[in-house]
> 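This structure is in structure tokens; I'll ask about it shortly.
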There are 2 protein chains.
Amino acid sequence: MKEAMADRSRRRVGIGDVAARAGVSHATVSRVMNGNTTVNASIAQRVQAAAAELKYKPNPVGRSLALGKTETIGIVVPDLSNPTFQSILRDVSIAAARDGYRVLIADSSEVSSEEAILAGEARRRCDGVVLCAPRMSQDELEELAPTLHPLVLINRTTELSSTPSLVVDYGHGIQKLGAHLVELGHRRIAYLTGPERSASNVQRLRGLEKFVQDYPEVELQVIPGGNTYDAGNEASDAVASCGATGILVFNDVAAMGLLHGLSERGIRVPEDLSITGYDDMPFARYTMPGLTTAAVPITQLGSLAWRRMREHITQANAQSPTDHFEPHLEIRGSTAPPKA
Amino acid sequence: MKEAMADRSRRRVGIGDVAARAGVSHATVSRVMNGNTTVNASIAQRVQAAAAELKYKPNPVGRSLALGKTETIGIVVPDLSNPTFQSILRDVSIAAARDGYRVLIADSSEVSSEEAILAGEARRRCDGVVLCAPRMSQDELEELAPTLHPLVLINRTTELSSTPSLVVDYGHGIQKLGAHLVELGHRRIAYLTGPERSASNVQRLRGLEKFVQDYPEVELQVIPGGNTYDAGNEASDAVASCGATGILVFNDVAAMGLLHGLSERGIRVPEDLSITGYDDMPFARYTMPGLTTAAVPITQLGSLAWRRMREHITQANAQSPTDHFEPHLEIRGSTAPPKA
DNA sequence: CGACTTTTGGGAAACGTTTTCTCTCAATGT
DNA sequence: ACATTGAGAGAAAACGTTTCCCAAAAGTCG
């Protein structure tokens, strides 16, 4: 009760205020706030009471400074309007929240040169960073990775054995979709690409190379596309005139745009043309017709990403093999045997 | 160069390291790092060089402690899987990033009792909080608001004149949609609701009360729905059998689910039934048929939210009138005159 | 050339915690 | 009765910055 009145003007109540109120030292207050048992029960109670009366809550930044950790992780994504990254963000966020961690977001707006900067900044404020499908080159990534250490990569890998990676096997998934079309009888197939800098796009292209080796009878062409509704829609003419009977689209979003464009042009799906998407986004079953797609188990991915992050935060030298996620076919109404 | 070698073992380089390297004091280093001009050019250069060689970057948490600000804002949303909140999050995030601020996210998972806690936590770590469509009661909100001070509310308002609010006039928007149906000749209309706790749902209901007053000839019924694809889809039977010729759906997401369900039941849109959505989400023009909807200017909303936040962060006693956003009709293929 | 400003940069306090030391005091054992 | 231990609480250092306050050096003016 020494000088508690003096700093009534002070903005926020600090540990000192409750110490004064309870007639103990800063140290003791800190101890009871952290559940340290080496403090006399009656004093502890007095401190609790004082804290409650003053509505004292420890200042996290003071705490972070002393503890050297922020209980926050950063996540950097190329584009927050992309449903895939939205899902990942969400799943990582709720997994982290379950363990009392928060997430700080950074959107690089698909400009790869921003990624390193954002990631570095995020790392300095957070206990770790998850780098989501970075667009930067492999060299840049290799250089950046060690500086970020508690780092988990999604859809990219690195030489560094200390950074866990979670990769979806996009190549394999698109092979499955292609095989599905072949089984239905399609021989002329086109791939409508995603963004050029996207690693998952090149994985699909790789998978398709393998695909044409396995099925030499198919004739595959590649049409430039994108990963947005508009991009899919705008590709309608190119798709309509390409002569293929089955179209593998980069993802469900572009596929939905394409579906609409085709319908406007009087092309029926799946009667005239079979379409596949990718990712099995929530809306994929509700397009018309429902999209045949490759489902990637995205909620597992988010929570596993957090699990790996936590391992590396708690034990500095944890090692993780890279985790693989296998997409599985989800067959719906947008694919059928070709016309004739 | 005194004892620079001594702490090679130290983890991260601090201001002291570069001070030692440049042969100046902490204070001077701090000054040059912050672009303070009161330091001799040659010394400044020496410090810059030392900082560069050591790759020194100021520790943000030390900085935050000294400065009393984190250059971070928190945003709490009821559900990150909801496209509306995803958009807001994204737009706020990029607006804030332009001014060098970051955003910390918190997802309350639609449980209203979590909101106050999450918001309080976020506020302690951040310079301000944006509370997005909180589900809590008005009383709780009034009580919470003053404790969060740099606070901006989205889709809710408060008595407190110091907290800016951004509200979309959902009531007015749905009246416009209803009027559109009436003009087309519809008399029996149904509203497929959103989540009960959603303030924007009750605003729509209020708007509809007004709507039936303005158009006494219409017969309006209310059907319980939701804000997800699945909820819309599951309402298909109820909608099909309700006898209405025009359906106002809570939002585009549910409307898309409904569209699919109706199609499966052989009900044609808009020939047999007119459907409207709400929000003009990116995919709304690509459903089949394209959704007539009420567009809310969501990117303006996000950036204005940030602008208001910035005002209140920089000037403690800023006042803002609440900002209103007027949805406008976006007429597409899902509405047409009723059959007979 | 001396007194009086103005730069300029260092020392130390401040931000709000946690934690290591250290000290006191009581209890226990011999 | 005395030394030894142990528990419990306070003082102070630490975390990494910024900034206030001074002192010294340098410049200005009469």
Side-chain angles (χ1 to χ4, degrees), chain A residues 2 6-7 9-48 50-51 54-72 121 123-127, chain B residues 2 6-7 9-48 50-51 54-72 121 123-127:
Chain A
K2 290 176 192 171
D7 31 22
S9 62
R10 227 131 117 51
R11 215 64 202 123
R12 281 183 37 70
V13 304
I15 204 173
D17 299 314
V18 18
R21 190 109 153 86
V24 297
S25 71
H26 307 244
T28 304
V29 175
S30 172
R31 281 192 268 258
V32 352
M33 295 309 292
N34 295 314
N36 191 322
T37 54
T38 76
V39 46
N40 182 298
S42 73
I43 292 191
Q45 210 169 350
R46 213 164 72 219
V47 171
Q48 300 277 21
L54 297 171
K55 298 195 199 311
Y56 167 73
K57 299 279 169 41
N59 175 323
V61 359
R63 216 150 178 281
S64 290
L65 187 58
L67 258 16
K69 64 179 184 185
T70 60
E71 312 230 291
T72 301
E121 277 224 349
R123 180 60 187 82
R124 244 170 281 124
R125 297 191 125 76
C126 300
D127 300 345
Chain B
K2 290 176 191 171
D7 33 21
S9 61
R10 227 129 116 51
R11 214 66 201 122
R12 281 183 38 70
V13 303
I15 204 174
D17 300 314
V18 16
R21 191 112 154 84
V24 297
S25 73
H26 308 244
T28 304
V29 175
S30 172
R31 281 191 268 259
V32 351
M33 295 310 290
N34 295 313
N36 191 322
T37 55
T38 77
V39 46
N40 182 297
S42 73
I43 292 191
Q45 210 168 352
R46 212 164 72 220
V47 171
Q48 300 276 23
L54 296 170
K55 297 194 198 314
Y56 167 73
K57 298 279 167 41
N59 175 325
V61 359
R63 214 146 181 283
S64 291
L65 187 58
L67 257 18
K69 64 180 184 181
T70 60
E71 312 230 292
T72 300
E121 278 224 349
R123 179 60 186 83
R124 245 169 283 124
R125 300 190 122 76
C126 300
D127 300 344

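Bear in mind that the values here come from a model prediction, so they are computed numbers and not experimental data. In what follows, chains are A, B, ... by sequence order, proteins preceding strands, each numbered from 1.
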> Is there a side-chain contact between A/Arg21 and A/Leu54, using heavy atoms and a 4.5 Å cut-off?
yes
> To the nearest Å, give me how far apart CE (A/Met33) and P (C/dT19) are.
14 Å
> What is the distance, rounded to the nearest whole Å, between atom NZ of A/Lys69 and atom C1' of C/dT19?
14 Å
> Measure the distance from CG on B/Asn40 to C1' on D/dA24 and round it to the nearest whole Å.
15 Å
> Do the non-hydrogen side-chain atoms of B/Met33 and B/Tyr56 ever get within less than 4.5 Å of each other?
yes
> Does the side chain of A/Glu71 reach to within under 4.5 Å of the side chain of B/Arg125, using non-hydrogen atoms?
yes
> If the cut-off is 4.0 Å, is A/Arg63 near the phosphate of C/dT18, judged by side-chain N/O to OP1 or OP2?
yes
> What is the distance, rounded to the nearest whole Å, between atom NZ of A/Lys57 and atom C1' of C/dG16?
16 Å
> Which nucleotide, D/dG16, C/dG9, C/dG16, lies nearest any side-chain atom of A/Ala66?
C/dG16
> Please report, rounded to the nearest Å, how far the P atom of C/dG16 is from the CG atom of B/Leu67.
13 Å
> So what does B/Val61 hit on the nucleic acid, given a heavy-atom distance under 4.0 Å: a base, only sugar-phosphate, or nothing?
nothing
> State which of C/dT17, D/dA9, D/dT19 makes the closest approach to the side chain of A/Asn59.
C/dT17
> Take the protein atom OH of B/Tyr56 and the nucleotide atom P of D/dG16, then report the distance between them rounded to whole Å.
10 Å
> Consider the side chain of A/Ser25, meaning its heavy atoms from C-beta on, and name the nucleotide among D/dG10, D/dT18, C/dA12 that approaches it most closely.
D/dG10
> Taking for each residue the nucleotide of DNA chain C bearing the nearest heavy atom, is the 5' side occupied by B/Arg31 or by B/Gly62?
B/Arg31
> Starting at atom CD1 of B/Ile43, determine the distance to atom C1' of D/dA25, rounded to an integer number of angstrom.
12 Å
> Of B/Val24 and A/Leu65, whose nearest nucleotide on DNA chain C comes first from the 5' end?
B/Val24
> Below 4.0 angstrom from OP1 or OP2 of D/dG10, is there any side-chain N or O of A/Thr28?
yes
> Rounded to the Å, how far apart are B/Ile15 CD1 and C/dG11 C1'?
14 Å
> Tell me which one of B/Ile43, B/Thr38, B/Val47 satisfies side chain to side chain contact (heavy atoms under 4.5 Å, CB included) with B/Arg31.
B/Thr38
> So which nucleotide from D/dT18, C/dG10, C/dT18 ends up closest to the side chain of A/Asn34?
C/dT18
> At what distance, to the nearest 0.5 angstrom, does CG of B/Asn59 lie from CZ of B/Arg12?
6.0 Å
